[in-house]
Amino acid sequence: MARSRTILVAGAGIGGLAAAIELAKAGFRTVVLERAERLEEIGAGIQLTPNAVRALNRLGALEAVKKRAVAASALIVGAGDNGNVLARATLGEEAARRHGAPWLLVLRADLQRALHEAASDLVDIVFELGAEVMDFAAHARGVTALAQRAGKNEEHTGLALIGADGLWSRLRARLHGAEPPDFPGLVAWRALVPAEKLPASFAEPTVRLWLGRDAHVVHYPVAGGSLINVVAIFADPWRSEGWNAKADMAAIPKACDRWAEMPQRAIAAAKEFRRWTLADRAPLARWGEGRVTLLGDAAHPMLPFLAQGAAAALEDAVALGRQLKLPGEIAFALRAYEAERQFRTAQMQRAARFTGRAYHAGGLARALRDFMLRWNAHRLIDRHAWIYRYGAS
């Protein structure tokens, strides 16, 4: 395909891969510039809520993901200290009926692999690994991305540039200034535990969420039920720019030491944890300019309390592809994409912050939260129907 139909994508994470697929389907040659020398498959778990599943289906990657996914049948919220059930929501077929798609539990590696395979099957997608986009220059022919590879500078030219380079996005800094992210003082510890190392109840297709003051734990099965994904989030001043730091088990906070048996067993069964500092940013008034825009965490990083980070990136990619399929000028299509996505993603960011505060509440705030969960348990999922039904026919 002619170079005049090339679009550049910075970043080959979930958002960048999804964007490449949609751009290729829209008729563009897509060059994906990724700073890593190889595409790593990080072994964390991820919840794919119905809106994410719907986007995956449109990307053509759903069937591959489902081969190793677990279809969640329920979400159970419990009090971490005494194990009492605060609320239970039925998922499974009911969630699929109410929200138009199932709720899947997957390994992030399985999701990334499915997207990479779908992208690799499209002849108009080219991967340039080891090339980190540092800057860009706009000109009459489009945009030139300035990248570094093996210590040398190189240039890549295309009609447009999509910044899908994550929380610490260089393109975001270039467009909006190098402001640091917002750190709420929380650190996530995650591990994958073989299901055989835990009682059979852990392998049930259920998301279990345990709430406590300044901490919460979530665990659920992935990889066809062979592994249990465990995530514990604590109040902690530790900071790091990465999200895959090997963690010293001796440094794990003591907030859950006197909790109920089930969350304690989930943590104790882990032989190795990885940890990362939670961070987000305030919503942007504008994402891009000219023929440059942002996507996924580069545009709207959000805290993980509603499991919407990857989902929002997948939705972005679908919207971007849809706008670029329409006739018209590229810059206009990018502004239309941003207009379509900005309000929704800002709502998701704010809702995630609010949910995190509720999860870690103490004192009277905790008592009120627990009362509302028990009294309003039937709305545990439906209160976020505006998230899950997005894109449903």
Side-chain angles (χ1 to χ4, degrees), residues 10-11 13-15 35 42 44-47 80 108 132 163-191 209-218 229-256 267 273-285 287 294-313 316 342 345-363 365-366 369:
I14 289 171
R35 67 179 179 178
I42 304 297
I46 187 170
Q47 297 182 59
R108 180 177 288 269
E132 181 177 9
D165 48 344
L167 172 69
W168 298 93
S169 168
R170 289 187 179 274
L171 293 184
R172 180 180 175 127
R174 168 71 165 75
L175 289 164
H176 302 289
E179 293 294 326
D182 296 326
F183 296 99
L186 299 171
V187 174
W189 292 63
R190 60 174 171 79
L209 172 63
W210 304 94
L211 305 181
R213 182 166 186 168
D214 295 330
H216 80 272
V217 175
V218 62
N229 184 61
V230 180
V231 179
I233 296 182
F234 303 98
D236 190 333
W238 179 79
R239 287 191 183 183
S240 172
E241 290 191 13
W243 72 288
N244 195 38
K246 189 172 181 179
D248 181 357
M249 294 288 286
I252 193 167
K254 306 300 182 184
C256 300
I267 293 172
F273 273 97
R274 299 280 172 164
R275 64 176 172 169
W276 77 97
T277 306
L278 299 193
D280 67 355
R281 296 179 187 270
L284 287 169
W287 288 4
L294 302 174
L295 183 146
D297 284 350
H300 45 70
M302 59 189 71
L303 299 176
F305 302 112
L306 290 175
Q308 291 303 307
D316 286 351
Q342 279 178 291
T345 55
Q347 282 186 307
M348 295 165 89
Q349 288 178 286
R350 295 185 184 106
R353 283 189 175 190
F354 175 83
T355 301
R357 290 193 293 270
Y359 279 7
H360 289 193
R366 171 186 170 172
R369 178 203 68 200

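These numbers were taken from a predicted model, which means no experiment stands behind them.
- Within a 6.0 Å radius of CZ in Phe183, more than 12 heavy atoms belonging to other residues, nucleotides or ligands are found.
- With rounding to the nearest 0.5 angstrom, the CD atom of Gln349 is 8.0 Å from the CG atom of Leu284.
- Interatomic distance, CE of Met302 versus CG of Asp280, reported as 9.0 Å (0.5 Å rounding).
- A side-chain contact (heavy atoms from CB on, under 4.5 Å) with Leu295 holds for exactly one of Leu171, Asp316, Asp165; it is Asp316.
- When every heavy atom of Gly45 is checked against every heavy atom of Asn229, the shortest pair comes out as N-OD1, 2.9 Å.
- Atom-to-atom distance recorded for Arg274:CZ and Lys246:NZ is 6.5 Å, nearest 0.5 angstrom.
- The distance from the CZ atom of Arg350 to the OG1 atom of Thr345 is 9.0 Å, given to the nearest 0.5 Å.
- Nearest approach of Ile252 to Phe273, heavy atoms of both residues: CD1-CE1, 4.1 Å.
- In this structure, Ser169 contributes its side chain and Asp297 its backbone to no donor-acceptor pair below 3.5 Å.
- Note: Arg366 CZ to Leu211 CG = 8.5 Å, rounded to the nearest 0.5 Å.
- You'll find the side chain of Thr277 stays beyond 4.5 Å of the side chain of Pro181, heavy atoms only.
- For Arg213, the CZ atom is loosely surrounded, since the number of other residues' heavy atoms within 6.0 Å does not exceed 12.
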### Query
Can Arg108 and Ile14 be said to form a side-chain contact (heavy atoms from CB on, under 4.5 Å), step by step?
CA-CA 9 Å; Arg108 180 177 288 269; Ile14 289 171; 3.2 Å; yes
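- Contact between Gly296 and Ala313 at its shortest, heavy atoms only, is CA-CB, 3.9 Å.
- Arg281 CZ to His176 NE2: the interatomic distance, rounded to the nearest 0.5 Å, is 10.0 Å.
- Ring geometry, His300 versus Trp287: the interplanar angle falls from 30° to 60°, so the pair is classed tilted.
- The two atoms that bring Arg190 and Ala44 nearest to each other are CD-CB, 3.6 Å, heavy atoms only.
- Ring geometry for Phe305 against Tyr359 counts as perpendicular: the plane angle is over 60°, on a 0 to 90° scale with 30° as the lower cut.
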